[in-house]
Each structure stands twice: as structure tokens, then as C-alpha cells.
Amino acid sequence: MKYWLVKQEPKCYPWAQFVHDGHTAWTGVRNFQARNNLRTMRRNDRVFYYHSVTGKCIVGLARVTRGAYGDPTDETGTWSCVDLEPMRPCREPVTLEQIKNAPGLDHLALLRQSRLSVMPVSTEEAIILCKMGGLE
DNA sequence: GCCAACGTTGGC
DNA sequence: GCCAACGTTGGC
């Protein structure tokens, strides 16, 4: 089981809406590196849900319910998406500032590649993030 | 609102 | 294949 982090602006699709919907197709990714990460995802992988721009914090944990398939919002066949389902919210959101200051998280792609919207998280990093967010 | 980072496009 | 111009993302 691998760990990932996806970014979303809360004004586009907030965690609360995700929870309300119960599941969602993670469509619309139009960046090759992010797409390649999507394609590496497997069912039951865990996904940290990060609110970008407004919020700037991890707000919950989701899981992959369906591995990569063709993004239905893409006519060209170039892009992929996965299906996600919320698991549980953070007891406390993990802020970007906390992440920056936490030992062991300095290699997180979130800090190194600010524009990447789908990125891997190592098991070690995931353990730290779960602890910080009150996620078991 | 600004701007750094960085991906994409298109002329050459 | 190079690179300037341009657009987007996202933190500040």
C-alpha cells in the first residue's frame, strides 16, 4: 500500500463536498508528472487531501477505490484519472507551516515542487503526517 | 496583487 | 533542438 498526496483548491472541490459525495473521480489533471503518479496508484492506496491556496493544509485521508483509467473529461486519450473515497478527516488539519517545520518532511514534494498536484509520499513521511493530523 | 517556479507553445 | 514568450499554479 502506497501513500500519495493530492492538492485541490477548496473553492473548486472542498473536502466537505468530497465527504458529502462519498466518492469522486479525480479528473482534470493535465500535467504529465501528475498523470504518471496517478497511473502508479493502486486500489487501496492512501491519499492525503490537501487544500491549496486558501487553507494550505492537509484536511483528511482518502483511499483509491479504482486505479487509473482514461479521464472521461479528456477527448484526446492522453490523460488519466482515478476514483477516490474519503476515509476520515484529520483531527487537526496539518498546515503547510507545520509541514515545513517538521523534521523528516523536508523532502516532501509538496515543499519542493509547488506546482505538482499529485505526488508520492513515502511511508516514513506518511507516518509523520498521520501523527500530526491525528489520523491512525 | 505580486511574483517565483515551471510547463507549454511556436518561431527559427 | 533551442529558446523567448506566454500562461498557470500557488505561496506570500
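In what follows, every chain begins at residue 1, and chains take the letters A, B, ... in the order their sequences are listed.
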Worksheet item: Is A/R30 salt-bridged to A/D71, going by a charged N under 4.0 Å from an acidic O?
Response: yes

Discussion item. Just by distance, no angles: are the side chains of A/Q17 and A/D21 close enough, under 3.5 Å, to form a donor-acceptor pair?
Written reply: yes

Fill in: Test log, rule side chain to side chain contact (heavy atoms under 4.5 Å, CB included), inputs A/W15 and A/H51
CA-CA 8 Å; A/W15 170 260; A/H51 276 173; 3.7 Å; yes

Fill in: Main-chain N/O of A/L116 paired with A/K7 side-chain donor or acceptor, under 3.5 Å
yes

Worksheet item: Counting distance only, does the side-chain N/O of A/R43 pair as donor-acceptor with the main-chain N or O of A/T65 below 3.5 Å?
Response: yes

Worksheet item: If you take all heavy atoms of A/C90 and A/I58, which pair is closest and at what distance?
Response: SG-O, 3.5 Å

Fill in: Centroid-centroid under 6.0 Å between A/W4 and A/Y49 rings
no

Discussion item. Which residues in residues 26-40 of chain A have a heavy atom closer than 4.0 Å to any atom of DNA chain C?
Written reply: none

Fill in: Reading 5' to 3' through nucleotides 6-12 of chain C, protein heavy-atom contacts under 4.0 Å coded B for base, S for sugar-phosphate only, - for none
-BBBSSS

